[in-house]
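Worksheet: the structure to be examined is printed underneath.
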Amino acid sequence: MTQTKNIVLVHGGFVDGSGWRRVHDLLAADGYRVTVVQNPTLSLAGDVLATLRVLRAQDGPCVLAGHGYGGVVITEAGSHDAVAALVYIAGYLPDAYESVSTLGLLPPALPPQDGFLLLDREKFPETYAADLPYAEARFLAGSQVPWGVDAAGGRVNRPAWRDKPTSCLVTADDRIIPAAAQHTMAARAGATVTEIAASHAVHMSQPRVTADIIRAAAQLGRTEKLGRTEKLGRTEKLGRTEKLGRTEKLGRTAEQEAGR
């Protein structure tokens, strides 16, 4: 079994790449070479270009992971030869000629201003990051990155998930992308699906689970689409997973994760 040592992480709308910090540190501690794309979220074309620059700089195959709108970005950029596998973390998986807008899955944002979307600052914690400590969620609300309407409306040409092994972490408590929509998109892509009781900010609130999904994609060393679904009832290494038959709360907060 071969192992991919390079990992590229793409953030979504309303935030920047710093949200990947906990996942980055966990994977880097395991010896992976991790790069975080600072995509500007002004347009899909610009975000794809920023991602391709990073992919061209890799010294070997990589796992390309995207969170939220970052899923749209990796769907378009993931056809690059350097990409060995795709991982969607609470992400959009559009098909050809689809965008976040055409999917009818725009988040509950305020009306656009000057071509940008923002979430209501007072509602941000419960909408985006209900399982983060309130102080951290409030900081995210106050430091929002405006998400370009052109980015939300950017259409994919050829979805990389048609040709690359694909995994999805579905967030059952997501108020940005409903879990049912995540499952529908993942099934259409023939993805291997893991579901967890978490908010849209799962990569911050459950970094170990997120890192495990990415690590599993890097360790697979095979190219077939598995197309299975599993629901996690607890945090565990995904190198040996099991189907539990029901969705359970993980019962681990971001504070507990930080203290481990």
Side-chain angles (χ1 to χ4, degrees), residues 10-15 19 39-48 51 64-78 86-113 115-120 123-131 140-141 144-162 166-191 193-205 210 213 229 247:
V10 181
H11 68 81
F14 308 121
V15 295
N39 45 306
T41 68
L42 300 178
S43 69
L44 177 59
D47 294 331
V48 170
T51 304
L64 181 60
H67 171 255
Y69 159 72
V72 183
V73 179
I74 71 170
T75 298
E76 183 69 17
L86 301 168
V87 179
Y88 293 80
I89 305 298
Y92 296 99
L93 287 81
D95 204 342
Y97 312 117
E98 290 182 344
S99 67
V100 174
S101 298
T102 64
L103 284 168
L105 293 173
L106 281 171
L110 297 169
Q113 290 192 355
F116 292 96
L117 298 169
L118 286 170
L119 296 176
D120 185 300
K123 297 179 180 178
F124 188 102
E126 64 186 77
T127 301
Y128 189 98
D131 52 357
L140 292 173
Q144 281 185 75
V145 178
W147 185 20
V149 171
D150 288 344
R155 298 188 184 221
V156 166
N157 291 307
R158 178 172 176 77
W161 49 254
R162 290 185 179 177
T166 302
S167 303
C168 297
L169 179 59
V170 171
T171 38
D173 302 330
D174 201 314
R175 297 183 183 179
I176 298 293
I177 312 175
Q182 294 180 53
H183 275 295
T184 297
M185 292 184 286
R188 179 176 65 176
V193 177
T194 302
E195 181 178 311
I196 185 174
S199 76
H200 191 65
V202 62
H203 59 317
M204 299 183 230
S205 65
T210 304
I213 297 287
T229 300
T247 304

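Just so it is clear, the structure is predicted and the values come from calculations on it, not from any experiment. Atoms considered below: every heavy atom in the structure, side chains included; atoms not considered: hydrogens, waters and symmetry mates.
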For this session: Please answer whether the main-chain N or O of L105 pairs with a side-chain N or O of Y92 as donor and acceptor at a distance below 3.5 Å.
Result: yes

Problem set entry | Shortest non-hydrogen contact from G71 toward Y88 | O-CE2, 3.3 Å

Exercise. Can you tell me how far the CG atom of L110 sits from the CG atom of D120, to the nearest 0.5 Å?
Worked result: 5.0 Å

Problem set entry | Evaluation steps, side-chain contact (heavy atoms from CB on, under 4.5 Å), between F124 and L118 | CA-CA 9 Å; F124 188 102; L118 286 170; over 6 Å; no

For this session: Check step by step if side-chain contact (heavy atoms from CB on, under 4.5 Å) holds for I196 and V170.
Result: CA-CA 6 Å; I196 185 174; V170 171; over 6 Å; no

For this session: State, to 0.1 Å, how close G46 and P40 come at their nearest heavy-atom pair, and which atoms those are.
Result: O-CD, 4.5 Å

For this session: Answer whether the closest heavy-atom distance between the side chains of I89 and V202 falls below 4.5 Å.
Result: yes

Exercise. Can you list the steps and then say if V87 with L169 is a side-chain contact (heavy atoms from CB on, under 4.5 Å)?
Worked result: CA-CA 8 Å; V87 179; L169 179 59; 6.0 Å; no

Problem set entry | Minimum-distance pair of heavy atoms, taken over all atoms of A96 and P159 | N-CG, 3.4 Å

Problem set entry | Heavy-atom check, side chain of L86 versus side chain of S167, under 4.5 Å | no

Problem set entry | Shortest non-hydrogen separation from T75 to L93 and the atoms involved | OG1-CA, 4.4 Å

Exercise. Distance from M185 atom CE to T166 atom OG1, nearest 0.5 Å?
Worked result: 13.0 Å

Problem set entry | Backbone of S199 reached by a side-chain donor or acceptor of D131 within 3.5 Å | yes

Exercise. Are the side chain of R175 and the backbone N or O of P107 linked by a donor-acceptor pair below 3.5 Å?
Worked result: no

Exercise. Will you find, in the side chains of S43 and D150, an N or O donor that is under 3.5 Å from an N or O acceptor?
Worked result: no

For this session: State whether the side chain of R155 and the backbone N or O of Y97 hold a donor-acceptor pair below 3.5 Å, judged by distance alone.
Result: yes

Problem set entry | Residue pair L106 / L117, side-chain heavy-atom distance below 4.5 Å | yes

Exercise. Going from CZ on F14 to NE2 on H11, what distance comes out if it is rounded to the nearest 0.5 angstrom?
Worked result: 12.5 Å

Exercise. Between CD of E195 and SG of C168, what distance do you get to the nearest 0.5 Å?
Worked result: 12.0 Å

Seminar exercise, completed: Heavy atoms of L119 and A109 approach each other most closely as CD2-CA, 3.9 Å

For this session: Measure from the ring center of H67 to the ring center of H203 and say whether it is less than 6.0 Å.
Result: yes

For this session: Starting at CG of L44, measure out to CG of N39 and round the result to the nearest 0.5 Å.
Result: 10.0 Å

Exercise. Donor-acceptor pair, Q182 side chain versus I177 backbone, under 3.5 Å?
Worked result: yes

Problem set entry | CG-CG distance between D47 and L42, expressed to the nearest 0.5 angstrom | 7.0 Å

Problem set entry | Any donor-acceptor N/O pair, E98 side chain to V156 backbone, under 3.5 Å | no

Problem set entry | Side-chain (T171) to main-chain (D173) donor-acceptor, under 3.5 angstrom | no

Exercise. What closest approach, in Å, do A197 and A172 show between heavy atoms, and which atom pair accounts for it?
Worked result: CA-CB, 4.1 Å

For this session: Would you please indicate yes or no on a ring centroid separation below 6.0 angstrom for W147 and Y69?
Result: yes

Exercise. Within a strict 4.5 Å, meaning less than it, do heavy atoms of the L64 and I74 side chains meet?
Worked result: yes

